> 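Quick one: structure below, then a few questions.
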Amino acid sequence: MGPLDQTPHPYRGREAALSTKHGKGQMIAPPLLAWVGLRLREPDGVDTDRLGTFTGEVPRVGTPREVALRKARMGMAASGLPLGIANEGSFGPHPLVPFAPADHELLLFVDDELGTEVVQEALSTKTNFAYQTVARADELQGDFLRRAHFPSHGLIVRPNAGPNPGLVFKGITTAPALRQAVDRCVQTSIDRLAHVETDMRAHMNPLRQAVLGELAERLARRLAARCPGCGSPGWGVVAVVRGLRCALCGGETDLVREEIEGCPRCPLRRARPRGDGRRRADPGTCTWCNP
Ligand SMILES: [Zn+2]
Ligand SMILES: [Zn+2]
């Protein structure tokens with residue numbers, strides 16, 4: 001192991017800025033404290049909605065990683081701390097699972113003293129993400145509300161069409177509030193329809209909180225892992241090599257064969273067999289055996 005492994009973790013007793021408006025500290029702080037002794041501070045006056053909102057009043061510009069980096073820097077600037085962390089979530093159809101919605105979460109950690117960035121991502125189908133357009137609230141009964149996990153998870157309602165971008169009802173968690181919001185929006189929408197969607201803000205969405213909590217655990221473990229060369233926190237998988245061999249014919253498949261671990265600070269890289277212990281691919285995934 002490296003020269004610094006005997007020393008205390010560099011983040012023990014330190015503070016990092018967390019830029020959030022939506023109570024994400026509850027999910028993100030405990031694993032970071034447990035694994036590396038790092039505490040989070042949520043600076044006042046950081047309005048991450050300036051970088052874009054789920055409800056579209058402000059469009060988001062850039063990749064999730066770029067948005068997360070800008071968010072983290074807002075908190076670091078507001079607090080004067082050289083360490084920062086931010087989350088960016090996005091929702092839509094799963095890229096591989098047909099008809100399933102997906103929650104893509106990215107957590108980014110910045111250390112301006114070491115000059116490092118560490119990113120962990122998750123793609124989960126454990127999400128209620130859904131939307132529907134209705135003329136009356138009772139058209140929502142049944143399947144939609146069950147999939148949306150209403151009322152344990154919030155809803156957002158706005159006019160479906162027309163020049164009324166300011167009219168948005170967020171964080172709806174009761175049937176009467178939902179009815180009122182739909183009626184209001186139907187009245188002002190030029191097509192007499194209301195757009196109802198799941199509220200994906202973390203404090204309104206326990207499913208998202210669970211995904212974020214698991215992701216924060218992975219980020220914390222990664223920060224606990226230190227580079228065997230230079231001792232920097234954040235040693236972990238930075239790339240994969242495909243070509244796991246088929247169990248039947250021995251040909252190469254598209255499945256991951258090796259993971260490349262690396263340091264966020266120095267050039268050290270090490271290849272290792274994939275982490276789940278699989279050494280051969282199922283012939284069902286082989287283009288020769290199962291074309
Ligand atoms: Zn094969
Ligand atoms: Zn290193």
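Just so it is clear, the structure is predicted and the values come from calculations on it, not from any experiment. Values reported hereafter were calculated over all heavy atoms of this structure, with side chains retained and with hydrogens, waters and symmetry mates removed. When a ligand or atom number is given, it counts from 1 through the structure's own listing order.
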> Give me the number of protein N, O or S atoms whose distance to the Zn ion (ligand 1) is under 2.8 Å.
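Under the 2.8 Å cut-off, the count stands at 4.
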> Among residues two or more places apart or on two chains, list those pairs meeting ring pair (Phe, Tyr, Trp, His ring centres under 6.0 Å) that have a residue in residues 246-267.
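For residues 246-267: none.
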> Where does the angle between the aromatic ring planes of H9 and Y11 fall among parallel (under 30°), tilted (30 to 60°) and perpendicular (over 60°)?
tilted
> Could you tell me which residues satisfy salt bridge (charged side-chain N to carboxylate O under 4.0 Å, His left out) with R14, sequence neighbours excluded, listed by chain and number?
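Here the qualifying residues are E113.
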> Any ion pair linking R65 and E121 (charged N to carboxylate O, less than 4.0 Å)?
no
> Using a 4.5 Å cut-off on heavy atoms from C-beta on, say whether the side chain of T198 contacts that of R147.
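Answer no - side chains too far apart.
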> Go through the structure and list residues passing side-chain hydrogen bond (donor to acceptor under 3.5 Å, both in side chains) with E42, not counting sequence neighbours.
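Residues passing side-chain hydrogen bond (donor to acceptor under 3.5 Å, both in side chains) with E42: none at all.
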> Given atoms SG of C227 and SG of C263, what angle do they subtend at the Zn ion (ligand 2), to the nearest 10 degrees?
100°
